[in-house]
4 protein chains.
Amino acid sequence: MTEQTKENRILDAATLEIAENGYANATMARIAKRANVSSGLIYFYFPKGKLQVLLSITVRFWKILNDRLETQLESISDPVARITEVARLAEFMLVRDNNRLYLAKVLIEELPRMFMINDEELKDTRMEITIQNRKFIHTIDSIIKDGQDQGIFDRDLNPSAVRQVLYGAVEMLLYGLFIKASRNEDLGYGKDDVKYTLDMLIWKFLCKTP
Amino acid sequence: MTEQTKENRILDAATLEIAENGYANATMARIAKRANVSSGLIYFYFPKGKLQVLLSITVRFWKILNDRLETQLESISDPVARITEVARLAEFMLVRDNNRLYLAKVLIEELPRMFMINDEELKDTRMEITIQNRKFIHTIDSIIKDGQDQGIFDRDLNPSAVRQVLYGAVEMLLYGLFIKASRNEDLGYGKDDVKYTLDMLIWKFLCKTP
Amino acid sequence: MTEQTKENRILDAATLEIAENGYANATMARIAKRANVSSGLIYFYFPKGKLQVLLSITVRFWKILNDRLETQLESISDPVARITEVARLAEFMLVRDNNRLYLAKVLIEELPRMFMINDEELKDTRMEITIQNRKFIHTIDSIIKDGQDQGIFDRDLNPSAVRQVLYGAVEMLLYGLFIKASRNEDLGYGKDDVKYTLDMLIWKFLCKTP
Amino acid sequence: MTEQTKENRILDAATLEIAENGYANATMARIAKRANVSSGLIYFYFPKGKLQVLLSITVRFWKILNDRLETQLESISDPVARITEVARLAEFMLVRDNNRLYLAKVLIEELPRMFMINDEELKDTRMEITIQNRKFIHTIDSIIKDGQDQGIFDRDLNPSAVRQVLYGAVEMLLYGLFIKASRNEDLGYGKDDVKYTLDMLIWKFLCKTP
DNA sequence: GATGAATGAGGTTTCATTCAT
DNA sequence: GATGAATGAAACCTCATTCAT
């Protein structure tokens, strides 16, 4: 999918490494080995080290997601269809194959960490995430407000709170799939349940009751 | 709340340290300093080190939550009231004051890490978490199934998927509050919105539509 | 001489290591090995690393020198005798045996580096040097001004410039001795020439011509 | 002054880089950037790397100094005038503008390092320095011996020791000017004091007392 | 001549963990 | 129970140096 530059290979390798060992235990040496580059090259592309690599994984994902959203949503006008499309796309980008689930795991587990970064030297990368994140949030919130204005979505709900609910729902549903895929534990539902549950969440929770 | 033994002081200090720096950057030396004990003493109480401390924070929380749930739910029979009470209690234990929000942050961010632990020596502590976690999951799933059996909750929803949605919704709503409290960023909603949104999630999404 | 605490052992080992390899090539690992301590312990006493070790060598020397000067000069009132005593003491502390010459070499070669340090984190150590240095400069300048006031020293000379000349003269004369001791090269003079030359420098250059 | 070939630009850039960061912290990458060439090119001109660059800075300086000395001294016969000319020329070459002071700093601080070099591969460059250095020393020592023979300079002084004194005096006086120029610290004297003090050093210390 | 991405040896540095007191 | 100086494995990270272009 993404062009196989060495920079991208490093990010892919880091995704795998972090997914398997967690950020705390991921080592630069192993990332380098997985990407089949020297450890020094990682610092050439990401001078601030491991944290910048993690941030860059996130930036790359959000950029692609936002780009695709923009394209996909262009031709859809119905708020229900639009919000459903957002969920579908997130699902598609993170669940389609097991490789994607690694990315899902990293994004879900490490996203909160992003908000905590104060390092002055990483301000730029951090800002990029914030921009992409705000863009995403704005997309969702706009759809919700739009639906409320059109009388389709429940006007009594706070759009920001709804967005958090949707975000959390998608996150935990996907996370369960990851656990299922990577361990023996069954959490009691499958990919089809995710689709159906999210549809119902939109129809019943988000839409105006007749 | 909890008795101020040195052991508890260590866990409290660790919660703060991990909340501020993340598990990866938390150091035993700083935890010791914050707890006003020597670093050697941490190993007296938690011989397996940092990871055991993290696990112990989690165990302590889940034990208390499950205990209280048991007590509180005893006198409630209506499924809607029961599931609402679960949300209320989680909220209460994690949001009541800002100190609690630190705990919320640690639990939310580091919980996934728990599932990755294979360390033979920590099997016992890990098992304790699994037990508490299953107990919690079982409590929720039982309420949902019960409600479905009674024709109050929507029978077409997969109980496990619903549980993930509720868990994710509570998590993200609380997490937004933490961001708000610890940074200037406003996510667009407040404590009251959390209550109302969760109530609506239960009424509209979870309950059977008439 | 100095109490053989581990801290002092580290400074002694570092002096030797830096004298032999230069600051640029000195390694913490070798300093540790020479001091017979673990490399980690160096960071326990000198958290800012190699540069702090270098600064600390200097601080220790200047402190001792200033202390002894204070004691020795107490009982001397004649400006000529006083300034001679300063030169003698510097000589004594740096030349008496070959071990001392190592210290001399480090102090002479690396002193200029001290003035260049801007590192915010080393401000304290750097300030200590500045204080000791000013104390030393003040001692010398006072003697010179005193001698000028008494009509013994040449009043037309700028005391600060004279101090630089004396400092440079002592430095280069001692440095030559180090070269001689550590290599085969002969620079054409010996310890006795140093004494005589410095005496003449004081008598002829510094004193008022009759 | 010097022709702006890329080779010279590299040496100039290295002088600045080493003056600002010290030899230990100077990096080839920054030297290349300052010289506006690629780092690879430095190895084209100086295959032995950083040390060879440092040696080359020194060689270039001493060669020019010795050349000029030869020219300037040709027409002067009086020992006092000759030795004064040496001091003047050194001053001129190192103090005339602030750029020169950077060179002074590097030469003063890093000269001792030269004597420590044993690297077989740098034997040639090192030898060049030794040759230039001996030539310089010989020039001075000759003037002094000459003056002593003519009964103008004090015959009781060891010429080599005198040379060290003069060298140290010039060095420290110039060094003080550098400190003054690059920091706020005032060492209590200026360029005029340097001239006067050196004149007096020659007249009073070096010359025979009547 | 000139470039700069890429390497990897070798240094610095951290910090979990121990143990004598 | 409690301390904190001391250890050393193992990570991070730098940067001199190379080489295909």
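In what follows, every chain begins at residue 1, and chains take the letters A, B, ... in the order their sequences are listed. All values below were derived from every heavy atom in this structure, side-chain atoms included, with hydrogens, water molecules and symmetry-related copies excluded. From a predicted model like this one, the values you see are computed outputs, not experimental measurements.
Using a cut-off of 4.0 Å between Lys/Arg side-chain N and Asp/Glu carboxylate O, A:D12 and A:R60 are scored as salt-bridged. A salt bridge is absent between D:K123 and D:E128; no separation between the charged side-chain nitrogens and carboxylate oxygens falls under 4.0 Å.
The interatomic distance linking D:N21 (CG) with F:dT14 (P) rounds to 14 Å, in whole Å. In this structure, A:K33 atom NZ and E:dT7 atom C1' are separated by 15 Å, rounded to whole Å. Rounding to whole angstrom units, CD1 of residue B:I10 and C1' of F:dA2 are separated by 11 Å. Remark: C1' of E:dT12 and CD1 of C:I31 are 12 Å apart, rounded to the nearest angstrom. Across the protein-nucleic acid pair, D:E7 atom CD and E:dA2 atom P stand 11 Å apart, rounded to whole Å. Rounded to whole Å, atom P of F:dA16 lies 13 Å from atom CG of D:L54. The nearest whole Å value for the distance from the CZ atom in C:F46 to the C1' atom in E:dT13 is 16 Å. Rounded to whole Å, the distance from NZ on A:K48 to C1' on F:dT14 is 12 Å.
The phosphate of E:dT17 has OP1 or OP2 within less than 4.0 Å of a side-chain N or O from B:Y43.
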Restricting to nitrogen or oxygen on both sides, can you table the protein-nucleotides 6-10 of chain F pairs closer than 3.5 Å?
{"from": "F:dA6", "atom 1": "OP2", "to": "C:Y45", "atom 2": "OH", "distance (Å)": "2.4"}
{"from": "F:dT7", "atom 1": "OP2", "to": "C:S38", "atom 2": "N", "distance (Å)": "3.1"}
{"from": "F:dT7", "atom 1": "OP2", "to": "C:S38", "atom 2": "OG", "distance (Å)": "3.2"}

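A distance-only check finds a donor-acceptor pair linking the side chain of C:E17 to the backbone of C:T27 [under 3.5 Å]. Within the 3.5 Å criterion, the main-chain N or O of B:Y23 finds a donor-acceptor partner in the side chain of B:K50. Within the 3.5 Å criterion, the main-chain N or O of C:Q4 finds no donor-acceptor partner in the side chain of C:R9. Between the side chain of A:K105 and the main chain of A:A19, a donor-acceptor pair closer than 3.5 Å is present.
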Task: Secondary-structure string, 5' to 3', Watson-Crick or G-U under 3.5 Å, | for another-strand partners, for DNA chain E - done: .||||||||||||||||||||

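At a threshold of 4.0 angstrom between heavy atoms, the contacts of B:A26 are confined to the sugar-phosphate backbone, with no base atom among them.
Atom OH of A:Y102 is surrounded by 12 or fewer heavy atoms from other residues, nucleotides or ligands within 6.0 Å.
By the 4.5 Å heavy-atom criterion applied to side chains, C:F46 and C:E7 are counted as neighbours. Here the side chains of D:R34 and D:E20 are in contact, with some heavy-atom distance below 4.5 Å.
Residue-to-nucleotide proximity on DNA chain E shows that, of B:G49 and C:K50, the 5′-proximal contact is made by C:K50. Both B:R30 and C:M28 lie near DNA chain E, and the one whose nearest nucleotide falls closer to the 5' end is C:M28.
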